[in-house]
Amino acid sequence: MFSILKKEITSYLSSLVAYVTIGVFLLVLGLLLWVYPDSSILENGYAGLDGLFNTAPYLFMFLVPAITMRSLAEERKEGTFELLLTRPLTDWQIILGKYLAAVVIVLFSLVPTLVYYFSVYLLGNPQGNIDTGGVIGSYIGLFLLGASFAAIGLFASSVTKNQIVAFTIAVFLCFFIYSGFDSLSGLLSLQNLGLQDLGITQHYQSVSRGVLDTRDLAYFIILAGLFICLALFVLLRQRQKGLKGSTLVSTLGVLFSIGVLSAVTFTRFDFTKEKRYTLSLISRNIMDSLQQPVKVTVYLQGDFPGGMKRLQQATKDMLSDMQAYSHRKLEYQFVDPLKGLTQDGQDQALLSLKANGLEPNNLSIKTDDGITQKVFIPGAMVVANGKQLPVNLLQKRVGLTDDEQLNNSIQNLEYEFASAIKKVETGGKQEVGFTTGHNELTDLQLNDAMRSLSDGYLVGRVDLKTIPFDSLKKIRLIVIPKPDKPFAELEKFKLDQYIMQGGKVLWSIDQVSAELDSLRGHGGEQLSFPKQLNLDDQLFVYGVRINYDLIADISCVQIPVAVGNVGGQPQIQLVPWLFYPLIMPLSKNPIVKNLDGIKTEFVSTIDLLDTKDIRKTILLASSPFSKKLSAPHMLSLQAIEQEPNPKEFRSTPKIVSVLMDGSFTSDWKNRPVPEDFKEKITVANQSKPTQMIVISDGDVFKNQVGTDGSAYPLGFDHYTNQTYGNKNLLLNMVDYLAGDPQLLALRNKEIKLRLLDRARIRSEKLTWQLINTIVPLLLVLIFAIFQHYIRKRKYAH
């Protein structure tokens, strides 16, 4: 077999056709990846070789058949194949020798593309900012594809003596097996047959990311083995030779065994540096335990620029990875909800999607006519058990570049999909109760908060005064949303013992009475004063103190203010209001990581007290340009006319939200039970391990209400048309306290943003285009000259 391998390689590399074929392949590839703007690595701006591994398969459909077309066809045409049979070689050795020679030539044609890797390596920002492991894994995928195409080409060369016919058959078969089954699976009558699994595309796309799944490896081995067996079978039939022995049958049996084994069990090797395609154990468990079919419809379909295309591909990759562990229970599809619709139809579709929780976005796209605006939906809908849940794929955050926002969105995909799938698929829901009876936020003010939580939880109001303690214990989480009246001792005792039993509490407390509406209604002035909620002692024992003060922060939200009157109509202007701080989450805790700015109103400072066995994690804090004003304090809208002096506001950030985790001491330790508590319980002095979150703002979970009495989405400011991160903050906090904290830990996933040095590209663009277009050709030319010199010298002697 080695003699055949050596002969084939020497023979092929001694012909001019070989170098012309490889040269054309490298020239076209270089132009597509480095010159043409639609597919250029330089235009894409990311330090990766995704373009190479997406483009190469289509060029391989012509390159590999050109390499293999002469393997058997020429031997039979020239009559030299009979000479091979006279040598001490078996049919298997001849076939495998020619096949391996074709694979070596394919590898040889890929070696010059390493120039692309070194170019991207040098152009990275910082230099070397390329995932080498991922590139190696992707090259493995390209090698497997080339090896499969080589087997197909060898089979095509065995069925005819004409090289051109062999080339044509091989091109057709490569194209059909690569993408034909995907097209067939799209037909309505064939959609449920899983024909796409028979095609190469699905398996190659998985491996080309840098992830080697043993099922994909088995597929390529079986595909190549099958066509090698077919080539052998054709040759034996042509010579009217029977199948002596059981070699061919045994080989088919081995291939069948590999297929069965890969279907029963599999493992994956993620070559990427951050293991970005490795699902966490909790996500795999969620997928593995699916009881009902789950369908995900992704609306991010269409032709997008580089950044959004990256999010689109990352979403496909994530759903593909989840599907691999779901035992075929997870199905997904990408659709364009606006395609083929009239303008009225598009408007109706957008309204419907928005009503279901998916926000349309505008995207600026460069065209030959300039910049045009395209409306798209970066979201998905997860459906199971008759329930549906929206997933917004694009995570926006103030102060981040578009690339950073996209990277954060990609980092968050696993959490978003795993969380949504678990919520729609899980039958039993945990109970979340919002307290009432102390002038808390109304149902209308909590409308979107309660509606959003109802997708995954049973949500309702709880009156601590009347609810039996046994019923209270069944509630997973109690939310205290901006009480305005003092808590009675009975209510405090129930709440305390609820915590001692392991209950979770989310405190959203306004410690100072101040309202913007009241301020406007009292001539622009109002005295802010401390509230008497009777909670200070309880919170003190648990480890925090909410102070009687207000934070004034230069980083703040704008409010509408009447600045004049023209023609009987007030003139409204948006001005910064220092007492509405915009809190930018900086903590790495998964509850607030990568969240957009949080809008707060009249927020106070929090002191952390030294309490035993309680871990405290600061979640939110004011900006370094903030100061506190002790209550009582006279508030005046006239203050907006004065430009704040940053020097007066510069100070350390002030805590406004804290997570506490541990075993809490009871506020009723060494105290008698309230007389009006008539139930019989064992009073606990120390809690079971539990958590609570304290926020020194009662309005953080309040949605705005329109003049017609309708509720706006939580976090949306209808004055500025700005959406803040308040809703996601609530969902994350409730998921952490009432859901599965391990699931929320998926938000800790880090994917490094790998960009090219754009400034260097602008100044050196032509140089790198020439290097990557010409240097690979020069390498082939140098090798050809060297090989010709060696051959000439050898035969001269």
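Values below: every heavy atom of this structure, side chains too, minus hydrogens, waters and symmetry copies.
- The existence of a salt bridge linking D321 and R268 is confirmed by a sub-4.0 Å separation between a basic side-chain nitrogen and an acidic carboxylate oxygen.
- In this structure, the ring-ring contact (aromatic ring centres under 6.0 Å, His included) partners of F227, at least two apart in sequence or on a different chain, are F155.
- In summary, the side chains of T113 and Y139 do present a donor paired with an acceptor at a separation below 3.5 Å, with no hydrogens or angles considered.
- Under 3.5 Å, the side chains of S206 and D216 contain a donor-acceptor pair of N or O atoms.
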- Item | Full working for side chain to side chain contact (heavy atoms under 4.5 Å, CB included) between D317 and R276 | CA-CA 10 Å; D317 292 339; R276 73 184 74 169; over 6 Å; no

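- Applying the side-chain hydrogen bond (donor to acceptor under 3.5 Å, both in side chains) test to residues at least two apart or on different chains, the pairs with a partner in residues 49-70 are S11-R70, R70-E74.
- The 12-atom threshold is not exceeded at OH of Y121, counting heavy atoms of other residues, nucleotides or ligands nearer than 6.0 Å.
- Note on residues 10-29: pairs passing ring-ring contact (aromatic ring centres under 6.0 Å, His included), not counting sequence neighbours, are F25-F60.
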- Verdict with supporting geometry, V391 and V298, side chain to side chain contact (heavy atoms under 4.5 Å, CB included): CA-CA 9 Å; V391 175; V298 184; over 6 Å; no

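- Taking the side chain to side chain donor-acceptor pair (under 3.5 Å) definition, one finds that Q787 meets it with nothing, sequence neighbours left out.
- Note that the OG1 atom of T297 and the CD1 atom of I377 stand 13.5 Å from one another [nearest 0.5 Å].
- Atoms OG1 and CD, from T278 and E414 in turn, are 9.5 Å apart once rounded to the nearest 0.5 Å.
- In this structure, F783 and F108 have tilted ring planes: the angle between them lies in the 30° to 60° band.
- Scanning for ring-ring contact (aromatic ring centres under 6.0 Å, His included) contacts around Y219 gives H203, with sequence neighbours left out.
- The CG atom of L300 lies 9.0 Å from the CG atom of L394; values are rounded to the nearest 0.5 Å.
- K295 NZ: 12 or fewer foreign heavy atoms inside a 6.0 Å radius.
- Remark: K765 engages E43 in a salt bridge, criterion side-chain N to carboxylate O under 4.0 Å.
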- Query: Run the side chain to side chain contact (heavy atoms under 4.5 Å, CB included) check on Y204 and S148 step by step: do they pass?
  - Reply: CA-CA 11 Å; Y204 172 72; S148 299; over 6 Å; no

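- Side-chain N/O atoms of T272 and D270 include a donor and acceptor closer than 3.5 Å.
- In this structure, OG1 in T21 is found 11.0 Å from CG in L26, a value given to the nearest 0.5 Å.
- The OG atom of S71 lies 9.0 Å from the CD atom of Q163; values are rounded to the nearest 0.5 Å.
- Evaluation of the ring-ring contact (aromatic ring centres under 6.0 Å, His included) rule for Y99 yields no partner, not counting sequence neighbours.
- Distance NZ/K98 to CD1/I228: 13.5 Å, rounded to 0.5 Å.
- Annotation for K273: atom NZ does not count as buried by contact number, only 12 or fewer foreign heavy atoms lying within 6.0 Å.
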